[in-house]
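Below, chain A is the first sequence line, B the second, and so on; all start at residue 1.
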Amino acid sequence: MSGLLELRGLGISFGGLRAVDDLNMSVEEGQIVALIGPNGAGKTTVFNMITGVYKPTDGQVLWQGRDITGASPHRVAALGIRRTFQKIRLFPQMSVFENVRAGCHLQARQHWWQGLVGTRAQRREEAALAERTHAVLRRLGLHKVADERAVSLSYGVQRRVELARTLVAEPKLVILDEPAAGQNEAESAELNDTIFAIRDSGVTVLLVEHDMNVVMNVTDHIVVINFGRKIAEGSAEAVRTDPAVVEAYLGRDDEAEDAA
Amino acid sequence: MDAAKKPVTRRNEAIGIALWAAGFAIPAFASSSWVAIAAMFAIFAITALSEDVILGRGGMFDMGHAVYFGIGAYTTAILNTELGVPIFLTVPAAVLLAAGTGTLLAAPLIRLRGDYLLVATIGFNAIFVLAMQNNPGGITGGSDGITGIEAPSLFGIPLFSQSAMFWLDWVVLGLVLFLMRNLDRCEFGRALRYLKQDELAATTLGVDARAVKTLAFAVGAGLAGLAGTLFAVQLSTVSPSSFVFTESVTLFAIVIVGGPGSIPGVLLGTALMFVVPEIFRDFAQYRYFVFGIAMIAVMVLRPQGLWPRRRNGL
Amino acid sequence: MGTFVQQVFNGLTVGGIYALIALGYTMVYGVMRLINFAHGDLCILGAFVGLTLLTGTAASGQPGALVLLLAFAVAIVVIAAAGVVLELVAYRPLRKADRLSAVVSALGASLLIENSIMLIWGPNVHVFPAGLLPDVIWHVAGATITFVQVMIIFASVALMAALYYFVHHTLFGTAIRAVAIDQDAARLMGINVNRIIMTVFIVGPALGAIGGLFIGVYYRQAYFTMGWTYGLYAFIAAILGGIGNIPGAMIGGVLLGLFNAFAAGYLSSSWQDAITFGLLIAILLVRPTGLLGEPVAENA
Ligand SMILES: Nc1ncnc2c1ncn2[C@@H]1O[C@H](COP(=O)(O)OP(=O)(O)OP(=O)(O)O)[C@@H](O)[C@H]1O
Ligand SMILES: [Mg+2]
């Protein structure tokens with residue numbers, strides 16, 4: 001079995017801290033996969049290793065069967081892997097439009113000198129990419145705020161801008177780090193539909209989420225980690241009742257009593 | 001909405017073009033010393049704009065920009081006086097050599113962050129000036145520099161007059177302004193902005209930080225080299241003192257005081273640093289004293305610069 | 001052998017001076033992440049203030065040592081006060097602004113101080129009066145060591161030891177280190193960050209004034225652009241040791257002093273500065289955080 005994305009024995013240490021250890025998991029094309037676990041379990045670190053932000057100390061990241069371990073972020077992006085950030089990273093001095101347009105960077109085929117001279121082909125490409133950006137803005141209901149400064153908007157909207165920035169590149173895989181964080185209930189319900197829509201447009205989704213409303217309702221497959229190690233995996237149903245998972249999230253009974 | 005299509009942008013561009021066109025008339029009413037000052041303004045405006053590519057747009061702390069300016073000037077001076085190469089034919093060499101040096105220096109330095117890059121570029125500037133003074137191979141003329149650079153000639157007609165020289169500088173300034181305006185609306189210029197505002201986010205969108213930053217150094221240095229040619233021709237002499245660290249500081253300050261990434265800001269900064277002092281020539285010894293106060297005052301009162309960049313699309 | 005010992009002593013003297021000045025750069029950088037480009041000029045301003053007192057009182061017939069002590073005391077007070085004014089006027093308003101704004105403000109302050117010196121004392125070289133200090137000379141292993149050199153080396157070591165004690169063994173010093181590590185956390189712990197920064201702008205320039213006056217006394221001259229030259233050297237020393245790191249500045253100063261002395265003794269002098277800058281760039285490339293600095297972690 002070889003998925004779209006496969007992690008084999010992935011591990012990383014920060015000094016003495018083993019943040020992720022011997023993680024094996026696979027994301028099949030067309031799936032919605034969730035990576036869950038308590039705070040500090042190592043979820044964001046896994047995403048950072050997949051996207052080239054961190055170099056793993058052990059193991060491999062395979063993309064369509066090819067080893068891409070340790071590739072730099074821009075190379076990973078070029079493969080069609082795009083991500084959002086748990087701590088939102090929008091360009092602070094830019095409008096929503098410009099932020100989303102930034103996602104098209106690799107779609108621009110112009111050479112730098114064509115841009116400086118302003119050739120006709122370059123201007124045509126600019127117009128096409130602007131149109132493409134507007135289309136995604138409309139799709140995510142962001143067209144009304146296109147000219148607003150992105151970081152001045154509410155958290156929920158900012159997350160959608162980041163999402164739009166990944167989708168505009170028509171990626172093969174989007175990696176979403178807590179897309180529901182900071183959203184109100186209506187927004188998080190809407191998010192479920194958005195995630196389904198993304199999947200239906202042929203994009204595979206890997207997400208980290210604490211909001212169980214999102215996790216349990218949209219995912220095909222869930223991987224649970226704690227202290228950097230995988231403790232369970234399977235369907236939403238299977239994971240929900242897994243004793244190891246319950247323990248990881250709620251703590252053992254005697255601990256709970258001690259705390260009380 | 002797309003910045004390029006905004007009516008405000010269009011209007012500002014029209015005003016800019018009109019002002020530039022009107023500039024051609026300067027020799028008609030200004031005395032020859034003022035025409036020379038206007039020519040110098042054009043030359044330093046090009047240099048400051050080239051510094052802006054690296055510092056203002058790229059956010060890379062380049063405090064050795066006088067090096068590239070100097071390489072352009074020396075290349076033209078040496079090729080012209082030693083080998084008799086006509087001025088216009090020295091331009092490609094000046095631009096390429098400056099751009100090549102920028103690329104070469106940038107390659108290892110780019111991973112240095114902020115202040116470290118600043119210090120390293122200061123170091124390169126010092127080494128460059130010392131090298132020119134030490135007259136390696138007897139080609140740079142030591143501390144006295146090189147004299148006797150010819151006037152350029154166009155279609156066999158030498159541009160001897162101060163006015164002709166000014167018009168030449170003014171045309172080149174127009175050309176560089178055109179490039180800078182395009183830089184704002186092409187992918188290369190945008191990539192620089194992404195990197196400046198959030199490098200990690202930019203790289204995860206596919207921006208090759210190393211390549212884009214190196215290119216910014218190459219383009220900025222190349223344009224400075226072009227300005228260097230004009231400078232050598234304007235003075236018909238070059239010497240190390242024109243490219244010392246203080247010049248780099250001035251260029252750096254022009255960009256930050258004027259408004260990083262803002263074309264009108266950089267032009268305004270150039271005017272303040274190079275033209276205003278000419279008006280107060282009699283108080284020449286107060287020049288840097290006043291500069292010092294002005295630099296502090298502008299930064300404290302307007303940390304974004306005198307004419308900050310308008311945020312595109314906002 | 002004689003030359004070698006001679007260079008060691010010359011290097012230690014100059015290195016002590018560099019270290020005293022480098023401490024000002026490194027302390028400010030430590031707490032504010034700002035290269036205080038005006039620091040070198042402040043130090044030379046100290047040399048000029050001291051010089052004025054020395055020439056003014058030299059004729060009065062007072063003993064040289066007393067005159068010299070007075071000159072140092074006044075220079076220290078004046079320069080520390082100037083440091084405080086500099087912080088209040090040029091840097092404090094820019095704490096929250098873009099870093100580049102503060103850099104340009106610092107460059108402006110440097111120009112301002114340098115040219116103030118020029119306007120007050122004139123552009124020519126000033127010579128320090130002779131005969132202030134005993135003309136004692138020692139001969140050690142073929143080298144000639146002057147009283148001034150011994151005085152500078154001893155004073156620098158003593159001052160550095162005192163500063164080290166202050167920063168590492170007093171509560172106030174601990175607060176300075178806390179602010180250097182994390183300003184916000186320090187503030188939450190009840191540390192008055194403004195007061196700490198103010199202290200740094202008193203201590204740094206005070207040490208710098210001593211360094212500046214040492215330059216004057218050692219080379220027996222002062223001119224207004226000296227701030228750049230020696231400031232830059234001291235600054236390189238700070239980088240060499242790891243900017244922001246106090247023991248690093250001391251070690252960096254001494255190493256650079258020795259390096260320069262030996263470069264001057266054995267290499268062509270016209271390339272000496274180029275070699276120093278080459279060394280600087282090499283360090284930045286190989287180990288940008290200097291000899292004692294910790295590698296900066298990157299946060300995603
Ligand atoms: N750059 C780093 N340097 C040192 N330690 C790190 C680094 N990045 C992450 N860690 C540590 O690795 C562990 C896992 O962190 P990570 O951010 O991946 O957790 P997480 O599962 O995403 O948690 P949360 O749900 O709170 O976002 C934590 O202990 C964290 O402190
Ligand atoms: Mg996380």
**Q** Report which part of Leu285(C) has an atom under 4.5 Å of a heavy atom belonging to chain B: side chain, backbone, both, or neither.
**A**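 For Leu285(C), backbone and side chain are both near chain B.
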**Q** Distance check, rounded to the nearest 0.5 Å: Tyr116(B) atom OH versus Ile35(C) atom CD1?
**A**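 Rounded to the nearest 0.5 Å, the OH-CD1 separation comes to 9.0 Å.
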**Q** So how far is it from Trp271(C) CH2 to Leu130(B) CG, rounded to the nearest 0.5 Å?
**A**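 Between atom CH2 of Trp271(C) and atom CG of Leu130(B) there are 7.5 Å.
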**Q** So, taking the atom named CG in Leu105(B) and the one named CD1 in Ile281(C), what distance separates them when rounded to the nearest 0.5 Å?
**A**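 Those atoms lie 8.0 Å apart.
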**Q** Could you look at Leu284(C) and say if it's the side chain, the backbone, both or neither that has a heavy atom under 4.5 Å from chain B?
**A**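 For Leu284(C), heavy atoms of backbone and side chain both lie under 4.5 Å from chain B.
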**Q** Between Ala109(C) and chain B, which part of the residue has a heavy atom less than 4.5 Å away: side chain, backbone, both or neither?
**A**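 It is both, since atoms from each part get that close.
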**Q** Which atoms of Phe37(C) are under 4.5 Å from chain B, going by heavy atoms: the side chain, the backbone, both sets, or neither?
**A**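 Just the side chain, heavy atoms under 4.5 Å.
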**Q** Under 4.5 Å between any side-chain heavy atoms of Ile127(B) and Asp273(C), yes or no?
**A**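 Counting from C-beta outward, Ile127(B) and Asp273(C) never come under 4.5 Å.
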**Q** How far apart are the C-alpha atoms of Leu100(C) and Leu55(B), what are their side-chain angles, what is the distance that settles it, and do they pass the side chain to side chain contact (heavy atoms under 4.5 Å, CB included) test?
**A** CA-CA 10 Å; Leu100(C) 284 172; Leu55(B) 171 64; 4.0 Å; yes
**Q** Pick one of side chain, backbone, both or neither for Leu118(B), based on which atoms fall under 4.5 Å of a heavy atom in chain C.
**A**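 Side chain only.
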**Q** Identify which part of Leu107(C) has an atom lying under 4.5 Å from any heavy atom of chain B, answering side chain, backbone, both or neither.
**A**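 Contact with chain B involves both backbone and side-chain atoms of Leu107(C).
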**Q** Counting heavy-atom pairs under 4.5 Å with chain C, which one of Val257(B), Leu117(B), Ile256(B) comes out on top?
**A**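 It is Ile256(B).
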**Q** Do Asp98(C) and Gln304(B) come within less than 4.5 Å of each other through their side chains, counting heavy atoms only?
**A**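 Not touching, per the 4.5 Å side-chain cut-off.
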**Q** Side chain to side chain contact (heavy atoms under 4.5 Å, CB included), that's the test. Do Leu280(C) and Ile122(B) meet it? Break it down for me.
**A** CA-CA 10 Å; Leu280(C) 166 73; Ile122(B) 292 176; over 6 Å; no
**Q** Name the region of Ala131(B), side chain, backbone, both or neither, that has any atom closer than 4.5 Å to a heavy atom of chain C.
**A**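 Its backbone and side chain both get close to chain C.
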**Q** With a 4.5 Å heavy-atom cut-off, do Leu94(C) and Pro303(B) have their side chains touching?
**A**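 Yes, at least one pair of side-chain atoms sits under 4.5 Å.
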**Q** Here's a test for you: under side-chain contact (heavy atoms from CB on, under 4.5 Å), which of Asn115(C), Leu112(C), Leu111(C) qualifies with Phe291(B)?
**A**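 Exactly one option meets the side-chain contact (heavy atoms from CB on, under 4.5 Å) with Phe291(B), and it is Leu111(C).
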**Q** Could you measure the distance from the OG atom of Ser101(C) to the CE atom of Met295(B)? Nearest 0.5 Å is fine.
**A**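 Ser101(C) OG to Met295(B) CE: 11.5 Å, rounded to 0.5 Å.
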**Q** At a heavy-atom separation under 4.5 Å, does Phe128(B) approach chain C through its side chain, its backbone, both, or neither?
**A**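 Answer is neither: Phe128(B) stays 4.5 Å or more from chain C.
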**Q** For the CD1 atom of Ile296(B) and the CG atom of Leu86(C), what is their distance to the nearest 0.5 Å?
**A**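 If we round to the nearest 0.5 Å, Ile296(B):CD1 and Leu86(C):CG are 7.0 Å apart.
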**Q** Below 4.0 angstrom, N of the basic side chain to O of the carboxylate: do Arg99(C) and Asp115(B) qualify?
**A**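 Yes, charged N to carboxylate O under 4.0 Å.
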**Q** State, yes or no, whether a side-chain contact exists between Phe124(B) and Phe277(C) at a heavy-atom distance under 4.5 Å.
**A**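 They are not in contact (no side-chain heavy atoms under 4.5 Å apart), so the answer is no.
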**Q** Do Thr246(B) and Trp228(C) have side chains that approach each other closer than 4.5 Å (heavy atoms only, starting at C-beta)?
**A**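 Answer no - side chains too far apart.
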**Q** Between chain C and each of Val119(B), Val290(B), Ile293(B), count heavy-atom pairs under 4.5 Å; write down the option with the most.
**A**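 So the answer, after comparing Val119(B), Val290(B), Ile293(B), is Val119(B).
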**Q** Please state whether the side chain, the backbone, both or neither of Ile239(C) comes within less than 4.5 Å of a heavy atom of chain B.
**A**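 For Ile239(C), the contact with chain B is made by the side chain alone.
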